[in-house]
Amino acid sequence: MTDAPRHLLSLTALKDAEFHHLFERAAALADGADPGLPLKGLTLANLFFEPSTRTRASFELAARRIGATVLNLDLSRSSAVKGESLADTVRTLHAMRTELFVIRHADDEVLAGLARSLDGTRLAIANAGEGRTEHPTQGLIDALTIHRRFGCCAGVDVAIIGDIAHSRVARSAVHALTRLGARVRIAGPAPLLPATDALPGTVRCSSFDEALDGAQVVMMLRVQRERIAEGAPDERAYFADWGLTDARLAGAHPDAIVMHPGPFNREVEIASTVADGPRQVIWEQVANGIPVRMAVLEWLADGL
Ligand code: CP
């Protein structure tokens, strides 16, 4: 039992002890520790206001594996389309004894406001990707994938390439990786890079090749067209300038791994030969979603 409500809204807001607890518990579960049934008797609602394959499915699978009942609300057929507020949708489900809420939303900062408006209610919220702010479980997944490949994140050279300005994944991954001691460089087309001080602890490279030079991890990000009102790059031109091909990958460390949080766009930010090639760990990232989300849900349930 804790006094303050416990949510996972961002990695940035986690205290060191909380961050390391979640990371180490996820690593232990990935290594085969018995998760038990810490969610037995609890109900989890997946509320996804934006599309998802990985996050939604793995939260559901993780929750079921540790004992929860799972409700997947079809928001296009819910009372949200009749104007019901997010807080009132959550209150409605909570009245039916739902305690855990996994929420993806297109808007920035909506979850902190939701948590404040529900202060004192026995429920927990997990951010499943919010606007351009954070995608905390994806950040943990990316760090865990590197940790499992290299034995640690400290001192590992990571290049994050692509549309970083619109990417909540980049924010959470950079936060997790720098907190664990990785050296992170970023690169992308100028209009898709964030303000210089937006990602503390990163080094901004002036070209793709400079970012790749000797990198042990190459993390590719897709162009977030849904967040670009106008002027999104032409796909063919983007691939020519910023697509990861085998030829480009040759500039990275000889043992470099290739990551992508998904969904990925073949022949736009990554060539099929790379996405299907021997260096990719994309499916390991997907698999690591289960232990990360089990660890997060166990921690949230413990705070109820
Ligand atoms: N990486 C990620 O969030 O994927 P989905 O959009 O499929 O959940």
Side-chain angles (χ1 to χ4, degrees), residues 8-12 22-23 26 30 44-65 70-76 100-108 110-111 125-148 158 160-177 188 192 217-228 244 257-266 268-270 274-275 280-297:
L8 180 64
L9 304 184
S10 72
L11 293 183
T12 320
L22 286 177
F23 189 72
L44 175 147
N46 263 331
L47 304 184
F48 279 65
F49 292 86
E50 279 193 334
S52 168
T53 298
R54 281 145 282 267
T55 310
R56 178 171 155 156
S58 68
F59 261 115
E60 177 169 359
L61 290 168
R64 287 189 193 279
R65 281 182 200 174
V70 177
L71 176 66
N72 284 305
L73 210 65
D74 178 354
L75 289 161
S76 67
L100 296 161
F101 291 85
V102 175
I103 305 178
R104 171 168 290 190
H105 205 284
D107 297 340
D108 294 351
V110 75
L111 298 182
I125 299 165
N127 175 355
E130 179 198 52
R132 284 184 279 185
T133 62
E134 279 221 40
H135 191 345
T137 52
Q138 186 66 48
L140 289 169
I141 290 166
D142 297 340
L144 179 63
T145 304
I146 293 170
H147 175 89
R148 283 169 64 75
V158 181
I160 303 180
I161 316 282
D163 177 5
I164 293 165
H166 301 100
S167 176
R168 54 198 179 206
V169 170
R171 279 171 180 260
S172 291
V174 164
H175 185 85
L177 291 169
L192 301 182
V217 176
V218 182
M219 188 187 299
M220 300 305 295
L221 299 177
R222 75 182 173 89
V223 177
Q224 308 250 309
R225 292 182 183 278
E226 68 275 27
R227 301 192 202 293
I228 301 174
L244 184 64
I257 59 170
V258 175
M259 299 177 64
H260 195 308
F264 59 87
N265 293 290
R266 293 169 183 267
V268 181
E269 74 272 12
I270 188 166
V274 177
Q280 64 80 17
V281 296
I282 294 168
W283 311 119
E284 282 178 40
Q285 289 174 266
V286 173
N288 287 332
I290 301 285
V292 162
R293 286 159 182 143
M294 285 199 289
V296 165
L297 293 173

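In listed order, ligands and their atoms are each counted from 1. Only heavy atoms go into these numbers, but all of them, side chains included; no hydrogens, no water, no symmetry mates.
Under the ring-ring contact (aromatic ring centres under 6.0 Å, His included) criterion, His166 pairs with no residue, sequence neighbours left out.
Some N or O of Arg54 is nearer than 3.5 Å to an N or O of ligand 1, by distance alone.
Ring pair Phe23/His147 is perpendicular by interplanar angle, where above 60° counts as perpendicular and below 30° as parallel.
Judged by the shortest distance from any of its heavy atoms, Gly129 lies outside the 4.0 Å radius around the atoms of ligand 1.
Here the heavy atom of the protein found nearest to atom 6 (O) of ligand 1 is Arg104 NH1, 2.8 Å.
The atoms of ligand 1 that sit less than 4.0 Å from any heavy atom of Thr53 are 5 (P), 7 (O), 8 (O). Residue contact check: Pro261 has heavy atoms under 4.0 Å from atoms 1 (N) of ligand 1. Distances below 4.0 Å separate heavy atoms of Thr55 from the following atoms of ligand 1: 2 (C), 3 (O), 4 (O), 5 (P), 8 (O).
In summary, the side chains of Glu134 and Asn127 do not present any donor paired with an acceptor at a separation below 3.5 Å, with no hydrogens or angles considered.
Residues Arg64 and Glu60 are paired through a salt bridge, judged by an N-O separation under 4.0 Å between the basic side chain and the carboxylate.
Shown are Glu269, Gln280, Arg222; of these, the side chain to side chain donor-acceptor pair (under 3.5 Å) with His260 is made only by Glu269.
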